[in-house]
Structure formats: structure tokens, C-alpha cells
Amino acid sequence: MAYILEILIIIIGIIYGYMKPGKEDRSALLKKGVVIGIILGAIMVVLGLIGGGGLLLLGGLAGVAVFIEVIILAVLFIIGTYIGDMLERK
């Protein structure tokens, strides 16, 4: 079930790469993914702080997990844009 999101992200990346003419700025896409991951991770940590000491550890772990997942999804999206650009050239 978890793989459905990753496959969907790759498909969206392929569509994005195919529909948008020219080459995409993949470094900018990765930077946006990192920024989004940091923001979502920080939100999870703040929610852990607000919830109390017991939730701080849970919020911190969830924040790290969200950051890593967003980075993985950004990389999968970029892979999809590569495939979309190859299809566009053909």
C-alpha cells in the first residue's frame, strides 16, 4: 500500500516532465523538496513540544521521518521528470 504513493509521485513527475517544454531545473526542484521537508519536520517537532515531554520524542522521530520521506518523494519526482523529458524528446 505504501508503494502506491511512490508510484503516483513518479507518474506525476513523468507527466510534469512531458507537459512542461524544455528541461526542468532539477536542482531547484530538489531544493524545494528539502525546504518542504524541513518545514514539515519542524512542525512535527513543535507539535511534540506542545504536547509535552512524552510526545517530544514522538514528535522528533515523526519530524525526522517526515523529512526523510519528503526527500525521497522529491527524488522520485525528479526521476519522473527525467523520464518525462526523454519521452518529450522522442
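This chain uses plain numbering: 1 for the first residue, then up along the sequence.
- Between the CG atom of Leu76 and the CD atom of Glu69 there is a distance of 8.5 Å, given to the nearest 0.5 Å.
- Residue Ile78 forms a side chain to side chain contact (heavy atoms under 4.5 Å, CB included) with just one option from Ile10, Leu30, Leu73, and that option is Leu30.
- Interatomic distance, CD1 of Ile15 versus OG1 of Thr81, reported as 13.0 Å (0.5 Å rounding).
- In this structure, Phe67 and Leu40 have side chains that are not in contact, with every pair of non-hydrogen atoms separated by 4.5 Å or more.
- To the nearest 0.5 Å, atoms NZ (Lys31) and CG (Leu29) are separated by 11.0 Å.
- Across all their heavy atoms, Ala74 and Gly33 have their closest contact at CB-CA, 4.0 Å.
- Contacts classified as ring-ring contact (aromatic ring centres under 6.0 Å, His included) and involving residues 70-90 (residues at least two apart or in different chains) are given here: Tyr16-Phe77.
- To the nearest 0.5 angstrom, Ile12 atom CD1 is 5.0 Å from Ile9 atom CD1.
- Atoms CD and CD1, on Glu88 and Ile14 in that order, are 13.0 Å from each other to the nearest 0.5 Å.
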